[in-house]
Each structure stands twice: as structure tokens, then as C-alpha cells.
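Single-structure report; data block below.
In this text the structure is predicted, and so the values were computed from the model without any measurement.
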Amino acid sequence: DVLLSTGVVVGSLRREGLKSTFVRDEWRVFNAEGIEAGLIREKNAWLAVTRRVIDAAAAFCPQTFEVMRTDDETPLATFRQHFNPFVYRLGVTIHDDRDADLDELVLLAAACLLAAIEGRQR
């Protein structure tokens with residue numbers, strides 16, 4: 001869950017277990033009402049599998065995630081890992097979609113979550 005400091009829920013994230021374990025990372029994004037509003041997916045499935053099989057590939061093939069609306073796959077944001085062997089850096093680009101049923105804080109929280117998980121896997 002993504003909460004404001006007042007305790008108000010602005011959204012939540014749920015990882016797709018088997019897909020994220022064997023193929024490529026995938027997360028479902030829900031708005032404040034609990035309705036699925038978006039999907040976060042690693043952009044290149046082939047590179048994702050390569051990173052899982054060959055440890056060194058993770059250092060030389062940075063990840064890129066696409067965030068898209070669930071209903072029509074309109075791009076909402078892009079998360080792009082920057083190549084740096086010492087520090088995990090993730091660039092966040094939020095596309096201008098004023099009709100999105102998703103708070104931008106949820107997208108930033110998702111980027112923080114992905115960075116934290118990637119940091120623990122190394």
C-alpha cells in the first residue's frame with residue numbers, strides 16, 4: 001500500500017509472482033479505490049531472462065520498465081536504470097496523462113520499491 005503521512009491510501013502495488021520470477025518483472029498498480037489502474041512491466045523479456053540466467057549480464061544490461069494503463073496500454077511512465085557498477089540509479093519519467101486514474105505518488109513509490117528490491121538482489 002502507498003500511504004500519505006495522514007494515513008490515507010493513495011494506491012497499492014502487487015507483484016505478479018510466477019511471471020516476475022521466471023520471465024520478466026511485472027507489477028499490478030491499483031488506485032486509491034482498489035481498482036486496477038496500471039501495469040508495470042520490464043520492457044525487454046529477452047534481456048530480463050538473460051539477467052536472471054547470467055549474473056554478469058545484470059551489470060551490463062540496465063533494466064527499463066514501462067508503466068501503462070490497464071485498459072488501453074497508454075504509457076504513464078518509464079523507469080530506466082542507469083549503468084553504474086557502484087550505485088543503483090533509476091530514472092523516472094512520468095508522461096503527461098491528465099486522465100490517468102493513478103496518483104503520481106504511486107508511480108514514485110513504485111520506482112522506490114523496484115530500486116529497493118533490485119538493491120537487495122545484488
Holding to side chain to side chain contact (heavy atoms under 4.5 Å, CB included), I want the full list of residues that pass it with Ala111, two or more places apart in sequence or in another chain. Phe79, Leu90, Val92

Who are the side chain to side chain contact (heavy atoms under 4.5 Å, CB included) partners of Glu36, not counting sequence neighbours? Arg28, Phe30, Thr70

Treat each ILVMFWY residue as a node, draw an edge where side-chain heavy atoms are under 4.5 Å apart, and state whether [X] and [Y] are in one component.
{"X": "Leu39", "Y": "Leu105", "result": "no"}
{"X": "Met68", "Y": "Leu102", "result": "no"}
{"X": "Ile117", "Y": "Val67", "result": "yes"}

Remaining members of Ile35's ILVMFWY cluster at a side-chain heavy-atom cut-off under 4.5 Å? none

Pairwise distance [atom1]([X]) to [atom2]([Y]) - rounded to 0.5 angstrom:
{"X": "Ile94", "Y": "Leu107", "atom1": "CD1", "atom2": "CG", "value": "5.0 Å"}
{"X": "Leu114", "Y": "Gln81", "atom1": "CG", "atom2": "CD", "value": "10.5 Å"}
{"X": "Asp101", "Y": "Asp71", "atom1": "CG", "atom2": "CG", "value": "9.0 Å"}
{"X": "Arg14", "Y": "Trp27", "atom1": "CZ", "atom2": "CH2", "value": "11.0 Å"}

Considering only NZ, NE, NH1 and NH2 on the basic side and carboxylate oxygens on the acidic side, decide whether Arg41 and Glu66 come within less than 4.0 Å. no

Between Arg15 and Asp25, is there a side-chain N and carboxylate O pair less than 4.0 Å apart? yes

Identify all side-chain donor-acceptor contacts of residues 5-12 below 3.5 Å with residues at least two apart in sequence or on another chain.
none

Side chain to side chain contact (heavy atoms under 4.5 Å, CB included) assessment of Leu13 paired with Ile40: CA-CA 9 Å; Leu13 301 155; Ile40 301 171; 4.2 Å; yes

Glu73 meets the salt bridge (Lys or Arg N to Asp or Glu O under 4.0 Å) criterion, sequence neighbours left out, with none

Side chains of Leu108 and Val2 in contact at under 4.5 Å (non-hydrogen atoms): no

Test of understanding: with side chain to side chain donor-acceptor pair (under 3.5 Å), list the residues that count as partners of Arg80, not counting sequence neighbours. His82

